[in-house]
A.B. asks: 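I am attaching a structure below and will ask some questions about it afterwards.
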Amino acid sequence: MSQRNKIVSLLLGLGLLLPALLPGQKSSSLEQDMDLLRKYHSTLSTANKGLERVAVRDWQGAESELQRCLAILPGHPNACYGKAVIASQAGDLPAALSWIERAEAGCLELGRVWENQKPNWLSMSREDEKRLRELAAQDIGGSTSSLACVSVDRAYESKKTGRASADVLLDGASPFAIPAEFHALHGNLLFKLRRPGEAEAQYLKALAIEPGHERCLNNLINLYFVGRRLDQAREWLDQARKRKARIHPQLEKAVAEAQ
């Protein structure tokens with residue numbers, strides 16, 4: 001057989017094999033996605049223990065719990081957020097910025113995986129489906145140190161339709177949306193690093209999610225005031241007052257009296 005004919009035969013053979021390979025490749029990809037969600041599920045309590053240690057400023061205890069979590073799932077959003085807080089408290093702003101960016105990337109990756117799993121409920125094992133429904137039913141937020149919570153919308157939709165709340169969430173938004181608190185910390189770090197334009201963008205993202213976020217409102221107003229963007233500072237001060245958010249008295253007075 002000529003060299004040309006050998007190449008043609010090889011290509012035809014590969015063409016015949018491809019349909020058999022592609023389903024396996026897809027299955028492998030889905031299995032990797034499921035493995036990521038399994039790891040998230042198994043490390044969530046450890047990450048949250050770490051965040052509880054962060055809340056009481058037990059840095060050593062927090063570091064221990066967060067590292068245990070990250071050894072299993074290096075991109076765990078809660079754990080990366082906790083590491084960002086620790087680095088920020090230590091004054092290592094570049095490290096803190098890197099960690100908060102990893103936390104946000106982890107949210108996006110888990111959200112992607114979550115969306116990809118929706119068409120595959122029927123092919124899942126009962127164990128995997130149970131894990132996913134537990135994730136859907138969890139209140140993954142409600143504090144400044146955890147992921148965004150959609151339980152209010154879920155409860156309303158469940159009451160309206162008569163369906164189980166976990167089923168409503170499985171059909172609806174991902175529980176892994178980047179929370180306001182991540183954007184708030186990201187903005188603070190950028191502001192301290194003298195990158196006000198990027199900080200402003202993060203504060204606005206946080207306030208789009210949680211309009212009454214007091215630290216974000218204070219910091220955004222301060223950013224505009226320091227940058228002599230007084231009209232915007234006054235506009236956001238008015239917004240804060242309408243939402244009955246507490247603004248630092250000296251900042252409020254400075255903005256009100258600025259010419």
Side-chain angles (χ1 to χ4, degrees), residues 51-59 62 77-108 111 140-150 152-153 176-259:
L51 292 177
E52 289 169 6
R53 297 292 89 206
V54 167
V56 297
R57 305 177 74 84
D58 175 9
W59 308 125
N78 285 18
C80 291
Y81 169 81
K83 292 282 285 186
V85 174
I86 293 171
S88 178
Q89 289 294 319
D92 190 347
L93 299 183
L97 184 61
S98 176
W99 279 112
I100 197 61
E101 287 172 347
R102 285 177 63 178
E104 292 170 356
C107 287
L108 293 175
I140 307 181
S143 74
T144 59
S145 59
S146 54
L147 290 178
C149 182
V150 291
V152 174
D153 290 340
F176 299 112
I178 299 173
E181 189 59 30
F182 285 23
H183 290 301
L185 177 58
H186 198 163
N188 291 347
L189 295 170
L190 290 166
F191 197 12
K192 290 177 181 177
L193 289 166
R194 300 184 179 182
R195 294 160 61 178
E198 294 170 83
E200 176 189 6
Q202 291 296 331
Y203 290 144
L204 292 174
K205 287 178 182 179
L207 290 168
I209 299 166
E210 190 179 328
H213 195 295
E214 286 186 347
R215 280 187 298 106
C216 253
L217 286 167
N218 275 272
N219 291 335
L220 183 61
I221 293 167
N222 186 47
L223 182 150
Y224 289 140
F225 177 72
V226 170
R228 306 307 296 169
R229 297 163 65 179
L230 298 180
D231 287 344
Q232 286 167 293
R234 292 190 186 98
E235 179 184 340
W236 280 96
L237 179 57
D238 289 342
Q239 290 290 329
R241 287 169 173 166
K242 289 176 183 177
R243 296 189 177 279
K244 302 187 185 304
R246 293 171 296 179
I247 301 301
H248 194 285
Q250 291 181 347
L251 175 62
E252 187 171 8
K253 182 179 179 182
V255 171
E257 295 179 352
Q259 300 298 319

A.B. asks: Using the rule given for side-chain contact (heavy atoms from CB on, under 4.5 Å), can you reason through Leu230 versus Val255, listing the C-alpha separation, both sets of side-chain angles and the distance that settles it, and then say yes or no?
C.D. replies: CA-CA 7 Å; Leu230 298 180; Val255 171; 6.0 Å; no
A.B. asks: Could you give the distance from CG (Leu190) to NE2 (His183), rounded to the nearest 0.5 Å?
C.D. replies: 12.0 Å
A.B. asks: Would you call Arg215 and Glu210 a salt bridge, using N to O less than 4.0 angstrom?
C.D. replies: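 Here Arg215 does not pair with Glu210 in a salt bridge, since their nearest N and O are not under 4.0 Å apart.
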A.B. asks: Can you see whether Tyr224 engages Glu200 through a side-chain donor-acceptor pair at a distance of less than 3.5 angstrom?
C.D. replies: yes
A.B. asks: Checking Asn218 side chain against His248 main chain: does a donor-acceptor pair fall under 3.5 Å?
C.D. replies: yes
A.B. asks: Which atoms form the tightest heavy-atom contact between Phe225 and Ala258, and what is the distance?
C.D. replies: CE1-CB, 4.0 Å
A.B. asks: Nearest 0.5 Å, please: how far is CG in Leu97 from CZ in Arg195?
C.D. replies: 5.5 Å
A.B. asks: Verify side-chain contact (heavy atoms from CB on, under 4.5 Å) between Gln89 and Arg57, making sure each step is shown before the conclusion.
C.D. replies: CA-CA 9 Å; Gln89 289 294 319; Arg57 305 177 74 84; 3.2 Å; yes
A.B. asks: Is it true that a side-chain atom of Glu214 and a backbone atom of Arg246 form a donor plus acceptor pair closer than 3.5 Å?
C.D. replies: yes
A.B. asks: Is it the case that the side chains of Glu198 and His186 hold a donor-acceptor pair, with the cut-off being a distance below 3.5 Å and no angle test?
C.D. replies: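 Their side chains do not contain a donor-acceptor pair, so the 3.5 Å distance test is not met.
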A.B. asks: Going by the angle between their ring planes, with limits at 30° and 60°, are Tyr203 and Phe191 parallel, tilted or perpendicular?
C.D. replies: perpendicular
A.B. asks: Roughly how far, to the nearest 0.5 Å, is CG of Leu207 from CG of Leu217?
C.D. replies: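 Answer rounded to 0.5 Å: 5.0 Å.
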A.B. asks: Is there a side-chain contact between Phe182 and Cys107 in this structure, where contact means two heavy atoms from C-beta onward sitting under 4.5 Å apart?
C.D. replies: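 A side-chain contact exists here, since the closest heavy-atom pair is under 4.5 Å.
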A.B. asks: Check the pair Arg243, His213 against side-chain contact (heavy atoms from CB on, under 4.5 Å), reporting the backbone distance first and the verdict last.
C.D. replies: CA-CA 10 Å; Arg243 296 189 177 279; His213 195 295; over 6 Å; no
A.B. asks: Count the heavy atoms of every other residue, nucleotide or ligand shown that sit under 6.0 Å from CG of Asp231, and state whether that count exceeds 12.
C.D. replies: no
A.B. asks: List the steps, then state whether side-chain contact (heavy atoms from CB on, under 4.5 Å) holds for Trp59 with Val54.
C.D. replies: CA-CA 6 Å; Trp59 308 125; Val54 167; 4.0 Å; yes
A.B. asks: In Å, rounded to the nearest 0.5 Å, how long is the span from CG of Asn219 to CG of Leu223?
C.D. replies: 8.5 Å
A.B. asks: If you round to the nearest 0.5 Å, how far is CG of Leu220 from CH2 of Trp236?
C.D. replies: 6.0 Å
A.B. asks: Rounded to the nearest 0.5 Å, what's the gap from NZ on Lys192 to OG on Ser88? Could you check?
C.D. replies: 4.0 Å
